[in-house]
Amino acid sequence: MGKQMGQVIVTLTVTNRIDRVLAQRGFISSGEVRSYTLDDVLVDTGATLLCLPASIISQLGLVQGGEAQVENATGVQQGRIFRDVELSIADAIACTWRSFGVVCGAIAK
């Protein structure tokens with residue numbers, strides 16, 4: 001896919017923040033920290049949530065914090081909200097969410 005004017009494409013790593021804290025405190029090894037790297041991610045500067053497939057959310061072991069109405073290209077649907085996520089872009093921590101309102105899971109349960 002060719003880059004369009006104004007597009008921001010990044011490599012994004014999503015990490016289970018609870019795992020990271022457990023590793024820092026010596027309860028698990030750093031190799032046990034669950035994370036997933038996504039290449040060629042198109043950044044939507046107007047987005048307020050990051051939507052991930054249910055398979056990635058499950059692999060990361062994220063904790064559900066609630067549900068919310070989410071809007072995507074197919075319309076408004078019910079989505080699951082997960083918490084305790086760390087997002088890194090190019091090895092720099094971009095954001096860490098410790099509470100509700102982080103990642104919306106796949107819409108279908």
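In this structure, CG in Leu42 is found 4.5 Å from CD1 in Ile9, a value given to the nearest 0.5 Å. Within the model, atoms CZ of Arg80 and SG of Cys51 stand 11.5 Å from one another, a figure rounded to the nearest 0.5 Å. To the nearest 0.5 Å, the span separating OG1 on Thr13 from CD1 on Ile89 amounts to 9.5 Å. Atom CD1 of Ile56 sits about 10.0 Å away from atom OG1 of Thr37, to the nearest 0.5 Å. Note: Leu62 CG to Thr15 OG1 = 10.0 Å, rounded to the nearest 0.5 Å.
Between Gln78 and Gln69, the side chains place a donor N or O and an acceptor N or O closer than 3.5 Å (distance only, hydrogens not considered).
For Ser29, the side-chain hydrogen bond (donor to acceptor under 3.5 Å, both in side chains) partners are Glu32, not counting sequence neighbours. Evaluation of the side-chain contact (heavy atoms from CB on, under 4.5 Å) rule for Ser58 yields no partner, not counting sequence neighbours. Asn16 meets the side-chain hydrogen bond (donor to acceptor under 3.5 Å, both in side chains) test with no other residue; sequence neighbours excluded.
With contacts defined as side-chain heavy-atom distances shorter than 4.5 Å, the pair Leu52/Val14 qualifies. Using a 4.5 Å heavy-atom threshold, the side chains of Leu60 and Val85 count as separate.
Val33 shares a hydrophobic cluster with Ile18, Leu22, Phe27, Ile28, Val63; the chain of contacts runs through ILVMFWY side chains whose heavy atoms sit under 4.5 Å apart.
Between Gln64 and Arg83, the closest heavy-atom pair is O-NE, 4.1 Å.
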